[in-house]
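Heads up: the structure comes next, in structure tokens.
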There are 2 protein chains.
Amino acid sequence: MKVEEKGARSEGNQLLARIPADLADPLFAHLEPVDLPQGLVIEQPGEVIEHVYFPTGGVISVVAMTPDGDAQIEAGLIGREGMSGSMVALGTDRSPHQTTVQIGGTGHRMAAARLREMMREEVLRKRLLRYCHALSVQTAHTALANAKLKLDARLARWLLMCHDRLGCDEVPLTHDFLSIMLGVRRAGVTVSLHILEGQGLVRATRGLIRINDRAGLERMAGGCYGVPEAEYARLLAA
Amino acid sequence: MKVEEKGARSEGNQLLARIPADLADPLFAHLEPVDLPQGLVIEQPGEVIEHVYFPTGGVISVVAMTPDGDAQIEAGLIGREGMSGSMVALGTDRSPHQTTVQIGGTGHRMAAARLREMMREEVLRKRLLRYCHALSVQTAHTALANAKLKLDARLARWLLMCHDRLGCDEVPLTHDFLSIMLGVRRAGVTVSLHILEGQGLVRATRGLIRINDRAGLERMAGGCYGVPEAEYARLLAA
DNA sequence: TTCTCTGTGTGCGAGTTCGCACGGAACAAT
DNA sequence: ATTGTTCCGTGCGAACTCGCACACAGAGAA
């Protein structure tokens, strides 16, 4: 019974996996399973972060925005490989970003204060800080992609990142949502999706995109996909 | 004598300032003053980082690139408010980014191994980790600017960030250099600079840009400047 | 069934940046 | 003074995205 529990809880989130048993027990004692419905706002800019979330499914996204909110863009994508609230691990209790659930799923959460306590454990601290690095590499390459890639390629990259985190070929998202994440027009997403479809890389139906050809998408993303993923694998792979 | 030394060394770099005396002494024992000539490559993608640098003048920039190097963009700007090699503080000895000296200056450096030891000190660790957070906020807003701003505004933002770090109204850079950082054509930079000049915000001569009107530049940058700076001030201001 | 809302497909003019290419101007070295 | 190099100004067609606007379709509610 105990073993099953443990297997289940540690398989879900890859950051929490590979934690030695003696540390895992107190750690999981502070974790609370939660549902992560699409649209849930996890962090608001400037507001104190009460909980950090370790998804086991679905996708969370960190959105950078101007203070007035009239410009916004996705700066980080988080799934079962990571956690929300990485800035808590870095020693602050808030950030200027907004964090929301992009694709509904499940996960565990922990009070930010508990996490701060648990960070005294070197094993956990090392692991979470390395994740912070991996996340910032991801953000840097998003900046690169935003500056240098055409919409098709950015879309391909985004779908790949989502695909990694979902572990499933079906991404339940509307063009509208994608346009906000990529910071472009909704119509532009429609057209770019047609291009991907035309090459047989994906298949889009109402509110759902099915990934058909990962390798093709990677080619389309032209070198801007892969670096953050490799960095994560190097530092945190199971 | 001792006092002067200490004053000089702690004033130069803002991250190293405000360190309690008992910690500062061992810390500074491991620091070595260095010259930072323009063009110096501080970190190469994938190569082990031997030293971290704490500038006291000049500007260092972190460049994200594709593995083949055919697309690159500045993902982070570092001056006397920060340090290079933040990933060492996060527990890894390399990164996929390239780090070079943008504008020549001076600074101190420390062996990465020494920094890892010194990070056991909570005061220093806290401070450096907070800086990592501030830097990642900067990167996120670079991603935002790259996606949503026109070239004029991005240029304005970049000049502001440089101005902050130089503490001097003269930025010694060529259009060519700027074009690489911003990931655009050199000719585009020329045109955008004319726009800024036309509004009396800057004055450009051969290889040198003089900042005339900060407030005007901030207006031009349209809300994408300021958030990372405020976050730094909140967490690390002297 | 019918209505209504959300999601998707499409078209068109305008603005921005690109890629390329060339002329001129300032500076350094000889 | 001349030469070579770097840096800056400019022009033009192509490509991409924008902003707006409208039509259609699937899904759920009445």
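Order of the sequence lines fixes the chain letters, A, B, ..., with proteins taken first and strands second; residue numbering starts at 1 for each chain.
- In this structure, the separation between CZ on A/R157 and CE on A/M220 is 15.5 Å, given to the nearest 0.5 Å.
- Close to C/dA26, at under 4.0 Å from its OP1 or OP2, lies no side-chain N or O of B/R206.
- Checking A/G188 against B/L193, the closest nucleotide of DNA chain D that is more toward the 5' end is the one next to B/L193.
- The separation between B/D152 atom CG and C/dT17 atom P is 6 Å, rounded to whole Å.
- Straight-line distance from the CG atom of A/L178 to the P atom of C/dG7: 12 Å, rounded to whole Å.
- Within the structure, every side-chain polar atom (N or O) of A/H175 is placed at least 4.0 Å from both OP1 and OP2 of C/dT6.
- The nearest whole Å value for the distance from the CG atom in B/L149 to the P atom in D/dT17 is 17 Å.
- Atom CG of A/L155 and atom P of C/dT8 are 12 Å apart (whole Å).
- A donor and an acceptor atom sit less than 3.5 Å apart, one in the side chain of B/R186 and one in the base of D/dG9.
- Checking B/T66 against B/D68 by side-chain atom types alone, a donor-acceptor pair falls below 3.5 Å.
- The residue A/S179 sits apart from the nucleic acid: no heavy atom pair falls under 4.0 Å.
- A/A187 comes within 4.0 angstrom of a base, heavy atoms only.
- Nearest nucleotide to the B/T190 side chain, out of C/dT10, C/dG19, D/dC8: D/dC8.
- Using a 4.0 Å heavy-atom cutoff across all strands shown, A/V184 reaches sugar-phosphate atoms only and no base atom.
- A/I195 places its CD1 atom 14 Å from the C1' atom of C/dT10, with the value rounded to the nearest Å.
- Whole-Å rounding puts the B/L196 CG to D/dG9 C1' distance at 16 Å.
- For B/H194, taking side-chain heavy atoms from C-beta onward, the closest of the listed nucleotides D/dT10, D/dC7, D/dC16 is D/dT10.
- Using modelled atom types and a 3.5 Å distance limit, the side chains of B/T56 and B/N13 yield no donor-acceptor pair.
- In this model, a donor atom of one side chain and an acceptor atom of the other lie less than 3.5 Å apart for B/D164 and B/Y225.
- Taking atom CG of residue B/D176 and atom P of nucleotide D/dC8, one finds them 8 Å apart after rounding to whole Å.
- Across the protein-nucleic acid pair, A/R185 atom CZ and C/dC12 atom P stand 14 Å apart, rounded to whole Å.
- Contacts of A/S192 with the nucleic acid, taken as non-hydrogen atoms under 4.0 Å apart, are absent.
- Below 30°, between 30° and 60°, or above 60°: for A/H97 and B/H141 the angle between ring planes is below 30°, a parallel geometry.
- Nearest-nucleotide positions on DNA chain D for B/L208 and B/K148 put B/L208 closer to the 5' end.
- Of the two residues near DNA chain C, A/E197 and A/A147, the one whose nearest nucleotide lies more 5' is A/E197.
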